[in-house]
Protein chains: 2
Amino acid sequence: MVNSPQETLNDLFAALSDQTRRAILSQLLENDQTVKQVAEPHAISMAMISKHLQILGRAGLVRQIKRGREKICQLEPDALFVASRWMQGFGQFEDQNLDALEGTLLDLGLIEADEG
Amino acid sequence: MVNSPQETLNDLFAALSDQTRRAILSQLLENDQTVKQVAEPHAISMAMISKHLQILGRAGLVRQIKRGREKICQLEPDALFVASRWMQGFGQFEDQNLDALEGTLLDLGLIEADEG
DNA sequence: ATGATAGTCAACCATATGGTTAATAGTCCA
DNA sequence: TGGACTATTAACCATATGGTTGACTATCAT
């Protein structure tokens, strides 16, 4: 079941619309963590953390790798790029300039094409 | 009642998590529209469009100006910048690199400041 | 004044979400 | 083997959301 681009954006933005989930992403930016470790700073149940991680997983923002009885959670920041790209359609703010820049940079060979 | 930064991001991302609302933003990117005009391409009731516009308004993405019996809806793209900025905290994806690169390129004279 | 038009509000429905606690499935280890 | 630990699932609750229809307010035009 491959999601449509619209559904992908729905899931992405919905995943980002909760502070706990954004905090989890920040934690995972520092380093990979087990579910337990992810839960630690938050005053909510493990069950809820598990659900949040599911939502982040559905959005493609977090990957989980089973290791023994633990599960390692890793950030997948490329998913954010999709959302960022969508936003760049809305000209006036500075990212747009960066977007325009990308083509130039590719031409100049200063960056690599990594179309996800 | 000033929203906390977290609540601001909640509202922003939640507003973006619905395709109808994203479509409305795209419409308003083209030109300002009355509520009626906003509703036209969508197969849902005016009441629902009104609600969507409320949510977009709460997120700071759309402003409404009353003109006679109509209400003109205008895009406020600066709000997107807040969300975009938040995303840029997540280093690994290329915007960040582009951002860092921009200064270098300016130094090299390969691009002009604030180019379109 | 009357009617048509633009927009919002209220009541309602179904479903999703953030949260809980309790139960369950795996895994590690003494 | 049995207990401790990690993580998910199930059942439940309250609230929010996307949607409807119908009533209502305000404005425009004849």
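In the text below, chain A, chain B and the rest are named by the order of the sequence lines, each starting its count at 1.
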- Message: Classify B:Ala43 by what it touches in the nucleic acid, base, sugar-phosphate, or nothing, heavy-atom distance under 4.0 Å.
- Response: sugar-phosphate
- Give the B/S/- string for nucleotides 4-15 of chain C, one per nucleotide from 5' to 3', where a protein heavy atom under 4.0 Å of the base yields B, of only the sugar-phosphate yields S, and otherwise -. BBSBSB------
- Item | Options D:dG18, C:dT20, D:dT27, nucleotide nearest the side-chain atoms of B:Lys66 | D:dT27
- Flag the pair B:Cys73 / B:Leu53 as yes when at least one side-chain heavy-atom distance between them is below 4.5 Å, and no otherwise. yes
- Query: So, is B:Arg67 near the phosphate of D:dC28, with a side-chain N or O under 4.0 Å from OP1 or OP2?
  - Reply: no
- Rounded to whole angstroms, how far apart are CE on A:Met48 and P on C:dA22? 18 Å
- Can you tell me the distance, in whole Å, between the CD atom of A:Gln33 and the P atom of D:dT6? 14 Å
- Nearest-Å distance, CG (A:Asn10) to C1' (C:dA16)? 13 Å
- Flag side-chain contact, heavy atom, 4.5 Å: B:Leu29 against B:Leu25: no
- Ring geometry between B:Trp86 and B:Phe13 (parallel below 30°, tilted from 30 to 60°, perpendicular above 60°): perpendicular
- Are any side-chain N or O atoms of A:Gln37 and backbone N or O atoms of A:Thr34, one a donor and one an acceptor, separated by less than 3.5 Å? yes
- May I ask you to evaluate whether A:His52 reaches the phosphate of C:dG19, defined as a side-chain N or O under 4.0 Å from OP1 or OP2? yes
- Item | B:Arg58 CZ - D:dA16 C1' separation (whole Å) | 9 Å
- Message: Would you say B:Gln19 and B:His42 are linked by a side-chain donor-acceptor pair, where the criterion is simply a distance under 3.5 Å?
- Response: no
- Task: Spell out, as yes or no, whether a donor-acceptor pair under 3.5 Å connects the side chain of B:Gln64 to the backbone of B:Ile72.
- Result: no
- Query: Expressed in angstrom and rounded to an integer, what is the separation of A:Ile44 atom CD1 from C:dT21 atom C1'?
  - Reply: 14 Å
